[in-house]
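Worksheet for the structure shown next.
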Amino acid sequence: MSGGGGGGGGSAPSRFADYFVICGLDIETGLEPDELSALCQYIQASKARDGASPFISSTTEGENFEQTPLRRTFKSKVLARYPENVEWNPFDQDAVGMLCMPKGLAFKTQADPREPQFHAFIITREDGSRTFGFALTFYEEVTSKQICSAMQTLYHMHNAEYDVLHAPLADGGDQSGTEDGEGTPGTKLQRFNSYDISRDTLYVSKCICLITPMSFMKACRSVLEQLHQAVTSPQPPPLPLESYIYNVLYEVPLPPPGRSLKFSGVYGPIICQRPSTNELPLFDFPVKEVFELLGVENVFQLFTCALLEFQILLYSQHYQRLMTVAETITALMFPFQWQHVYVPILPASLLHFLDAPVPYLMGLHSNGLDDRSKLELPQEANLCFVDVDNQFIELPEDLPQFPNKLEFVQEVSKILMAFGIPPEGNLHCSESTSKLKRLRASELVSDKRNGNIAGSPLHSYELLKENETIARLQALVKRTGVSLEKLEVREDPSSNKDLKVQCDEEELRIYQLNIQIREVFANRFTQMFADYEVFVIQPSQDKESWFTNREQMQNFDKASFLSDQPEPYLPFLSRFLETQMFASFIDNKIMCHDDDDKDPVLRVFDSRVDKIRLLNVRTPTLRTSMYQKCTTVDEAEKAIELRLAKIDHTAVHPHLLDMKIGQGKYEPGFFPKLQSDVLSTGPASNKWTKRNAPAQWRRKDRQKQHTEHLRLDNDQREKYIQEARNMGSTIRQPKLSNLSPSVIAQTNWKFVEGLLKECRNKTKRMLVEKMGREAVELGHGEVNITGVEENTLIASLCDLLERIWSHGLQVKQGKSALWSHLLHYQENRQRKLTSGSLNTSGILLDSERRKSDATAVMSPLRVSLIQDMRHIQNIGEIKTDVGKARAWVRLSMEKKLLSRHLKQLLSDHELTKKLYKRYAFLRCDDEKEQFLYHLLSFNAVDYFCFTNVFTTILIPYHILIVPSKKLGGSMFTANPWICISGELGETHILQIPRNMLEMTFEYQNLGKLTTVQIGHDNSGLYAKWLVEYVMVRNEITGHTYKFPCGRWLGKGMDDGSLERVLVGELLTSLPEVDERPCRTPPLQQSPSVIRRLVTISPNNKPKLNTGQIQESIGEAVNGIVKHFHKPEKERGSLTLLLCGECGLVSALEQAFQHGFKSPRLFKNVFIWDFLEKAQTYYETLEQSEVVPEENWHTRAQNFCRFVTAINNTPRNIGKDGKFQMLVCLGARDHLLHHWIALLADCPITAHMYEDVALIKDHTLVNSLIRVLQTLQEFNITLETSLVKGIDI
């Protein structure tokens, strides 16, 4: 958006400037204290009374009676403007007045420094269009006797008051002496820094200003400085001032795109040049200054914050610096445009805007005395605070890194160093010289002497060499890999080229550095989004209907785009794709199909992307993280140099106007009252503009207005794009007008509506993500994108909650408004508990929540907001309030209690009233209800956003073992043990005290639980134990897992197993979990008791026919295939699919049991017995050396090796356990289908199986082999608990 902007009407003549404005002291009305600042003062005072820390330290503004009258703010007025009005850019008196002199009038005496100050500003209208202002503020002597005596009177009053207040403080220990800028701490009384009408001269600030449609900062600065010079020089200027102002307003045209223009100032020519439509948009602020002030590292951090739409607050005592930093950061974002509140210079009267719960980029003026600690900001959870003057930046937490940051920083540093700018910034120079260095043309000479501005790069390089920071610099440089030695410092550009440039060398260097840095930044985005068009989702319906349903429509295929990106980019990109600026960029793309009506920024970007893609046909570097350096610099630089060497257009020279005799008198030192009759209208026939404007200019005028958004065309498309921009943010811009309570109320109401709308959209988006994934289960294979994406969405939900909680805060405490509210609540609860006034109804036993059979045996966890807070407070790894608030939100989401907890928090109305103003979101009851209702919808899906993020914390686990009641568990004499495994790790072996069936232990987060190994040491007389099931609960998140067993552990019982691996499942909060046979892939139940008991006595086994067996094997394999087709972060437990109830092991078990001959009475035969016999057969066969074929031989060898290894394992896992292990290993090494073929041909099979057995039917065996072969393409990794003690 920077570089664009413009007015309403379409018929704007392309004039260089729209208005010339003078602001200052209105002698008629005299000294008026600035009401707005006084209002701020009043608000502050009332806050201080309420025990709040003041919003902003009181010395900053306001009629503070501690301040000497010279330091107070008085109202400035717009004294004159020429012309009165132009219809394409209506004059906004409030805004211009506020921004020309954001702090009102300043008074000084002859003792104070009074250099002129230049600053630029921007007026953004509500529709997002912009006008630019350039102001030069200087001091004039006050000639009015009334004003001087008024100031004297104020001093008498002040001193009298001061003496009363400070009489006891005779030791000079008062603070206000130091607060007053000029007074040294030694001055005991402020009264001596005073004004005496008899000996002092009083000066007051005045400001001249140009309002222009485009941001030609250097040219405007030059115009104003030359005008000021004309007033202060001893000789009068060649022509009356009116002639020059008339010339700039009416006779100087805007240069057409791609051309340069020269016009005359009072003393010298002024040159401006404008990029053509296929170059980067116009940008005229010195990038150099930003890198000098902040240093590369900070610029990158700030840039990242801006791209992710954090709230950004710039802080400096120079208005021009605020403006330069803001404009530079937004210009470097090309092709993206900042979509939110943008006020680079925030007038003192608009401080309440810092309370806005929306992203903003604002600049706050500091008085140079207060440090950051005095500055109280309403919300800091997602604030990026930049103290420009002190090279200091505070970042929001968990800021992701910009992709390829290291190489990017190196590329930028190299350019800076070629221009003699140290990459770490020039803090040492800016601190000591910021007082001296008000970069003005007239002072350039002396500045060159002082070494503030590099005359030649070598000179500043020498200066660096002697400097104490050179050591730090060289260390930094080594890190970034640019060596200072081989750095070619740029030659003086005008000496080594034939081109003779028309501007001075310093200016040319600024142009060159600007374009180089901007090209490098633009190149990053062209590389990162080179193939973005592929992922744009074009609407199927016509534009109208697409537009009305805009909010429901996805306009970009984020998941596919991200799955193509290198892993390290994801944390940044997944958040960036969620921003408003990215959404509007894509909307623009959809709205402008054909090149003719394309947004100019988009056209430039697309043409660059096309170039890259042409280059990359031969070398496909897209989608790799290889760093592509910028190659367009020279071309861009050449274009600028050509324009500056050959000036395309020269405007009419200033000339005498038709003025009455005696008008235009010259009085040195005073800016005269200009003749409005000659300045109010331009030339009647406008012959000058015609002479300067060849016909094709005028023809292209409409088109140009269109492309540069200079004068927005009021056609449909414009309206759409505008609305599209306003989509996400209800309020784009504060109205720079005088503040009435009703205006503030209305603004706040807009915020409340906006927050609610954002909440609705966010919850919807998160649910669609989650449910869409679970239902459709389409994924992108290898890249584990969804974890990143889910994290992004949850992080943005946390940001939204922080913004809601900081809206309308009475008192700011700590960086996180949400956590501070929770702490207040906790404190209140504790007070009430100690005083005994609290009944326990607040702490509900959560019987209505988890009505699974767990409630019968495991006492349910109670739902307690305070308890969840304590869990978070006990996590040592989380150090900050913002971090704690986020962790608490994640935990509540995972427990499905977020809405309920927040409802409980807000049910303490007394507390909410105490903490929040009447207009705050949390005190708008309807909106609050709706908001909680939206959050309730999260309970429909399962999040593991706490467990998966805090992977290193200690978690208490509660274990319950349920032995069979029928078969004497109480007589059990051995010593049991248990070992629990989860997706993130497993515990060591935990000994269970005998006869203790319930215990709690702490362990590092295991993630989602998968298996439990349970066993005993077989000691004592009765070492037999029949375990029904085991339950394990995570005591923080409340997730409860059930691990069914239903079999004996003991020698000579069942299959002789002393330990078993049980596969678990997460219990859902449905009442009849255990009764329903769950066949859905997400929740497979583990082996049920019935099937396991059946295997003990194979006689009464419910016979499955071969069809059913085939089907179950097919389903099991299918489950595994689906598992691998999901994105990694979404895959469930593979162990369940292998060993669970419908898993592969149980399906193959059925296949092998089909037609197994019934053994003699009371003797169990297990499949393992058959496999052992087969192994013996193959081993004897090998010795007899009758080998049918080579292939068969290796298979047999493999089979024997695995069976032997499993038999030799030190674990007592029993025969069925061994079979399970063999199947798992066979699946892992892709050998199952070979073994089935082997066993089908084995003579042992003929003995042990009846003729109808599945394994004897060749066609069935072949189809079984084919099904198992599909597992070959997957890389199956087994959980350690399944293969412990085996080393193959």
CA sep, side-chain torsions, deciding dist, call: Asp387, Phe385, side-chain contact (heavy atoms from CB on, under 4.5 Å): CA-CA 7 Å; Asp387 183 342; Phe385 177 85; 4.1 Å; yes
Donor-acceptor under 3.5 Å (Glu140 side chain, Phe671 main chain): yes
pair Phe16-Cys220: side-chain heavy atoms closer than 4.5 Å: yes
Donor-acceptor contact present, side-chain Arg15 to main-chain Leu254, <3.5 Å: no
Test item: Glu927 side-chain N/O and Leu756 main-chain N/O as donor-acceptor pair under 3.5 Å: no
Within 45° cone and under 6.0 Å: Arg923 NZ/CZ vs Tyr916 ring: no
side-chain contact (heavy atoms from CB on, under 4.5 Å) between Glu242 and Tyr82, worked out: CA-CA 10 Å; Glu242 281 84 349; Tyr82 310 100; over 6 Å; no
Side chain to side chain contact (heavy atoms under 4.5 Å, CB included), paired with Val290, selected from Leu332, Val388, Thr328: Thr328
Residues which pass salt bridge (Lys or Arg N to Asp or Glu O under 4.0 Å) with Arg81, listed by chain and number, not counting sequence neighbours: Glu84
Heavy-atom check, side chain of Met101 versus side chain of Thr137, under 4.5 Å: yes
Any Phe20 side-chain heavy atom under 4.5 Å of Ile211 side chain: no
Heavy-atom check, side chain of Phe670 versus side chain of Pro672, under 4.5 Å: no
Minimum heavy-atom distance between Val266 and Gln226, given as atom pair plus value: N-OE1, 3.0 Å
Exam field: side chain Lys108 to backbone Pro113, donor-acceptor pair closer than 3.5 Å: yes
Exercise: identify the closest heavy-atom pair between Leu105 and Lys75: CD1-O, 3.2 Å
Spacing of Tyr342 atom OH and Thr124 atom OG1 [to the nearest 0.5 Å]: 8.0 Å
Parallel, tilted or perpendicular: rings of Tyr319 and His119 (30°, 60°): tilted
Side-chain donor or acceptor of Gln311 paired with backbone N/O of Ala356 under 3.5 Å: yes
Check: Ile345 and His365 side chains under 4.5 Å, non-hydrogen atoms: no
Audit row: Leu136, Leu227, side-chain contact (heavy atoms from CB on, under 4.5 Å) steps and yes/no: CA-CA 10 Å; Leu136 184 71; Leu227 282 170; over 6 Å; no
Met217 versus Pro286, closest heavy-atom pair with distance: CE-CD, 3.7 Å
Leu361 side chain near Trp338 side chain, heavy-atom distance below 4.5 Å: yes
Expected output: side-chain Asn89 to main-chain Asp18 donor-acceptor under 3.5 Å: no
Heavy-atom side-chain contact between Glu251 and Phe263 under 4.5 Å: no
Pairwise distance OG1(Thr131) to CE(Met214) - rounded to 0.5 angstrom: 12.5 Å
Pair Phe107 and Tyr203, ring centroids less than 6.0 Å apart: no
Centroid-centroid distance, Tyr360 to His340, less than 6.0 Å: no
Shortest non-hydrogen contact from Asp284 toward Ser215: CB-O, 3.3 Å
From CG (Leu302) to CD1 (Ile329), nearest 0.5 Å: 4.0 Å
From CA spacing to verdict: salt bridge (charged side-chain N to carboxylate O under 4.0 Å, His left out), Arg803, Glu758: CA-CA 11 Å; Arg803 293 213 307 270; Glu758 195 179 341; 2.5 Å; yes
Nearest heavy-atom neighbours spanning Ser76 and Gly97: OG-O, 4.3 Å
Gap between atom SG of Cys384 and atom CG of Leu314 - 0.5 Å precision: 8.0 Å
Taking every non-hydrogen atom, the tightest pair across Val223 and Leu210: CG1-CD1, 4.0 Å
Separation between CD of Gln93 and SG of Cys23, rounded to the nearest 0.5 Å: 8.5 Å
Side-chain (Ser222) to main-chain (Lys218) donor-acceptor, under 3.5 angstrom: no
Straight-line distance of Ser316 OG to Leu293 CG, nearest 0.5 Å: 7.5 Å
Step-by-step side-chain contact (heavy atoms from CB on, under 4.5 Å) determination, Tyr19 to Thr212: CA-CA 7 Å; Tyr19 294 98; Thr212 63; over 6 Å; no
Heavy-atom donor-acceptor pair, Glu309 side chain to Met581 backbone, under 3.5 Å: yes
Sidechain-backbone polar pair: Tyr919 side chain, His807 backbone, donor-acceptor under 3.5 Å: no
Backbone N/O of Ala106 and side chain of Ser205: donor-acceptor pair under 3.5 Å: yes
His228 side chain near Thr232 side chain, heavy-atom distance below 4.5 Å: yes
Salt bridge flag under 4.0 Å for residues Lys757 and Glu753: no
Aromatic ring proximity, centroids under 6.0 angstrom, Phe134 and Phe121: no
Which residues share a side chain to side chain donor-acceptor pair (under 3.5 Å) with Asn247, sequence neighbours left out: none
